[in-house]
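Structure, as structure tokens:
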2 protein chains.
Amino acid sequence: MKLICEKNKLQEAISTSQKAITGKSTMPVLEGLYIEAVNNVLTFIGSDIDLSIETKTQAEVIEPGKIVVDNRIFGEIIRKLPNDKVIIETIDGNIIQISCQKSVFNLVHMNADEYPSVPNINENIVFSINQSILKNMIKGTIFATAQDETRPILQGVLFEVNNKNLNLVALDGYRLAVKSQVIDTDNSINVVIPGKTLSEVSKILEENEEKVNITFTENHILFNLGETKIISRLLEGEFIKYSSLLPQEHKLLVTVNRQELLNGIERASLMAKDGNSNLIKLNIEEDNMVITSNSQLGKVREEVSINLQGESLQIAFNSKYLLDVLKIMEDDEVLLELSSSVTPCVIKNKEIDNCKYLVLPVRLVK
Amino acid sequence: MKLICEKNKLQEAISTSQKAITGKSTMPVLEGLYIEAVNNVLTFIGSDIDLSIETKTQAEVIEPGKIVVDNRIFGEIIRKLPNDKVIIETIDGNIIQISCQKSVFNLVHMNADEYPSVPNINENIVFSINQSILKNMIKGTIFATAQDETRPILQGVLFEVNNKNLNLVALDGYRLAVKSQVIDTDNSINVVIPGKTLSEVSKILEENEEKVNITFTENHILFNLGETKIISRLLEGEFIKYSSLLPQEHKLLVTVNRQELLNGIERASLMAKDGNSNLIKLNIEEDNMVITSNSQLGKVREEVSINLQGESLQIAFNSKYLLDVLKIMEDDEVLLELSSSVTPCVIKNKEIDNCKYLVLPVRLVK
């Protein structure tokens with residue numbers, strides 16, 4: 001193998017493909033980055049079996065070939081090289097030489113034949129979506145995935161496509177997040193994608209109007225961004241029938257400035273660290289919400305102006321769950337739909353109807 | 001106690017004074033921030049006994065008084081408040097109320113009478129120096145203080161004043177750092193200041209021409225920045241006679257671009273992580289320095305253009321010690337003075353004669 005490539009192009013390709021490498025695999029070859037050079041194209045692959053990221057970049061390929069290099073050290077070498085053309089060539093049985101200006105590195109490489117093959121997916125696009133929109137939908141749901149491993153399915157995000165609508169859904173038993181987007185497809189889909197995959201996908205997605213094409217097979221999802229393809233295994237099992245969890249009606253409707261509510265809850269939370277319960281109480285009255293909390297450190301009282309339709313209500317929450325939601329919402333004004341102190345609170349944008357959040361209250365012992 | 005003060009002023013005073021609070025003290029009151037309100041001035045003190053930081057800010061004091069509040073929670077409350085006037089008042093035996101717009105916090109406070117008194121220093125200024133210059137001198141030496149506790153005196157930095165010259169000196173057995181500055185004083189001083197103190201001092205010093213006035217007593221140093229005073233205990237014991245460690249002559253003089261040498265050594269170090277020795281070899285020849293390193297990962301060869309006066313030489317170093325020095329030096333061109341592969345290397349600026357660094361080589365088994 002021998003090739004010449006700009007340092008910046010190499011660095012970008014490494015940065016993208018290495019996002020799949022967790023270093024937790026029992027196969028040493030998966031700590032490596034797979035590099036194939038053929039027809040003036042370099043293909044980089046990083047993988048932890050469950051998730052594979054493949055990206056391509058242009059290069060002058062003088063002699064085709066394929067190798068696997070240690071991801072960490074190879075990435076550091078390329079990153080520290082000057083901004084100039086880099087020559088990479090195999091010089092011995094298992095050595096590659098990396099040269100750039102006055103720098104010459106000789107690095108042991110692994111055998112590319114031992115690298116597991118990436119699932120071969122017959123690309124049959126189910127839908128396309130703007131990168132920035134998908135990135136935003138992932139950000140708006142992934143925080144609500146379960147962190148414990150007792151119910152693996154809840155560590156994923158549901159991708160639900162029907163009636164020309166895409167819903168991303170996550171829930172962990174205490175809160176539920178739904179983000180929705182109209183898309184152009186007649187297909188129906190109901191699959192669960194590991195949270196880890198989506199976290200890496202959202203780092204690679206750009207804040208722009210470029211499309212990402214999405215294909216599903218029985219066991220995999222493929223995100224095709226053009227130069228980069230991300231392939232992930234799907235989670236096995238049935239997701240919870242989340243729509244039955246969303247209340248059909250409500251008795252109170254609170255309209256409130258999102259940032260003011262967020263600031264008030266954040267300050268009240270400072271006094272709610274006692275025993276890690278983050279307990280805050282909301283006293284919802286006409287025109288006014290009073291937020292209180294207390295612990296052995298002291299107590300706090302916050303007031304936020306609201307518009308209330310319905311009767312007044314006292315209700316308590318783990319402040320973390322409200323803060324997570326209010327931080328990632330985008331509208332200036334949000335709506336809180338409530339019915340009683342023991343039923344969930346639903347939070348929506350006032351203007352843009354593209355999300356729905358549900359948070360369970362904390363029952364107070366009276 | 002009752003006072004009204006702008007949130008920003010409070011926040012700044014907290015941020016400065018809390019730098020002395022380590023939370024490692026056995027006295028609970030030292031996890032607190034001492035606040036005294038009198039004559040429309042607030043005085044904040046943070047302390048861990050060895051180091052005390054006192055800072056003042058203007059406020060409307062309606063009722064004078066003094067309290068000690070938990071540093072962490074009080075700092076977080078003030079930081080999260082809106083940018084507006086904050087009212088602080090004692091309302092009960094041991095409660096203060098903090099109000100700002102629609103926020104009201106009640107916080108337990110401690111008894112200010114239990115707070116240890118700050119050493120009373122009769123201010124007798126020994127010298128004054130620009131804040132930015134002192135900040136730079138600390139940065140240029142503190143990295144060379146010893147990290148292990150076997151020789152406590154080496155965890156400090158020597159402040160040596162004589163012949164209208166201030167030298168800051170640090171050494172750890174492997175390298176030595178000296179920064180010098182002409183100052184206007186006829187005094188002679190030779191004291192050692194704890195590295196921790198200087199680290200906090202350098203965070204408080206601004207990048208400007210404002211003066212800091214420095215006073216010494218038998219056991220303490222006082223840095224007076226105007227609104228802020230920093231008082232630290234001195235380290236006991238004799239510092240090493242460092243000037244005898246600096247070679248009086250040299251056989252080789254290398255002139256080299258600092259950034260090129262830094263880049264070459266940084267890249268070579270990537271291959272020198274084996275067994276944590278960071279071993280790199282320099283092959284110093286006419287016009288050219290070849291830097292090599294190797295480990296089980298592979299090997300590297302770097303070339304840097306130099307100007308050499310003297311015979312060629314092979315010498316090895318722990319790359320970390322060279323990098324630490326080259327990163328904080330400021331001249332574009334630096335000088336390396338060498339004599340043999342087993343004697344120290346002295347590094348200086350080519351133009352500005354205000355520092356001197358010494359690094360011991362690593363003896364190679366032949």
Side-chain angles (χ1 to χ4, degrees), chain A residues 7 69-70 72-83 91-92 94-110 259-274 288-306 323, chain B residues 7 69-70 72-83 91-92 94-110 259-274 288-306 323:
Chain A
K7 171 240 166 93
V69 287
D70 182 272
R72 193 189 54 75
I73 184 84
F74 183 72
E76 282 184 17
I77 290 170
I78 300 297
R79 193 164 57 84
K80 294 271 188 186
L81 287 177
N83 277 328
I91 57 167
D92 240 339
N94 65 342
I95 304 285
I96 56 163
Q97 181 162 300
I98 305 161
S99 325
C100 181
Q101 291 182 3
K102 292 181 182 177
S103 302
V104 184
F105 287 84
N106 285 5
L107 190 65
V108 176
H109 70 79
M110 292 174 267
Q259 194 61 50
E260 284 180 20
L261 181 59
L262 177 58
N263 291 347
I265 295 177
E266 273 197 318
R267 282 192 293 265
S269 302
L270 294 176
M271 286 299 191
K273 311 269 181 184
D274 204 12
N288 208 28
M289 182 190 294
V290 176
I291 308 166
T292 56
S293 183
N294 59 68
S295 69
Q296 58 187 19
L297 294 166
K299 61 181 185 175
V300 53
R301 180 183 197 279
E302 291 279 339
E303 265 186 54
V304 181
S305 300
I306 61 167
L323 291 175
Chain B
K7 170 238 166 92
V69 287
D70 183 272
R72 194 189 54 76
I73 184 85
F74 183 73
E76 281 184 20
I77 289 170
I78 300 298
R79 193 163 58 84
K80 294 271 189 189
L81 287 177
N83 277 328
I91 57 167
D92 239 340
N94 64 342
I95 304 283
I96 56 162
Q97 181 162 298
I98 305 160
S99 325
C100 180
Q101 291 182 2
K102 293 182 180 176
S103 302
V104 184
F105 286 84
N106 286 4
L107 189 65
V108 176
H109 69 79
M110 292 174 267
Q259 194 61 49
E260 284 180 21
L261 181 58
L262 177 58
N263 291 346
I265 295 177
E266 274 197 317
R267 283 194 293 266
S269 302
L270 294 176
M271 288 298 192
K273 310 269 182 184
D274 203 13
N288 208 27
M289 182 190 294
V290 176
I291 308 166
T292 56
S293 184
N294 59 69
S295 69
Q296 58 187 16
L297 294 166
K299 61 181 185 176
V300 53
R301 180 183 197 280
E302 291 280 339
E303 266 185 55
V304 181
S305 299
I306 61 167
L323 291 174

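Everything numeric here is computed off the predicted structure, so don't read it as measured data.
Neither the backbone nor the side chain of A/Ile95 comes within contact range of chain B; no heavy atom of the residue lies under 4.5 Å from a heavy atom of that chain. In this structure, chain A has no heavy atom under 4.5 Å from any part of B/Ser269. Only the side chain of B/Ile73 has a heavy atom closer than 4.5 Å to any heavy atom of chain A. Within the 4.5 angstrom heavy-atom criterion, no atom of B/Ile96 approaches chain A.
Within a 6.0 Å sphere centred on NZ of A/Lys299, heavy atoms belonging to other residues, nucleotides or ligands number 12 at most.
Residue A/Arg267 comes nearest to B/Lys80 through the heavy atom pair NH1-O, 3.0 Å, listed as atom of the first residue, atom of the second, then distance.
Among residues 99-108 of chain B, the residues having any heavy atom closer than 4.5 Å to a heavy atom of chain A are, in sequence order, B/Lys102, B/Ser103, B/Val104, B/Phe105, B/Asn106, B/Leu107, B/Val108.
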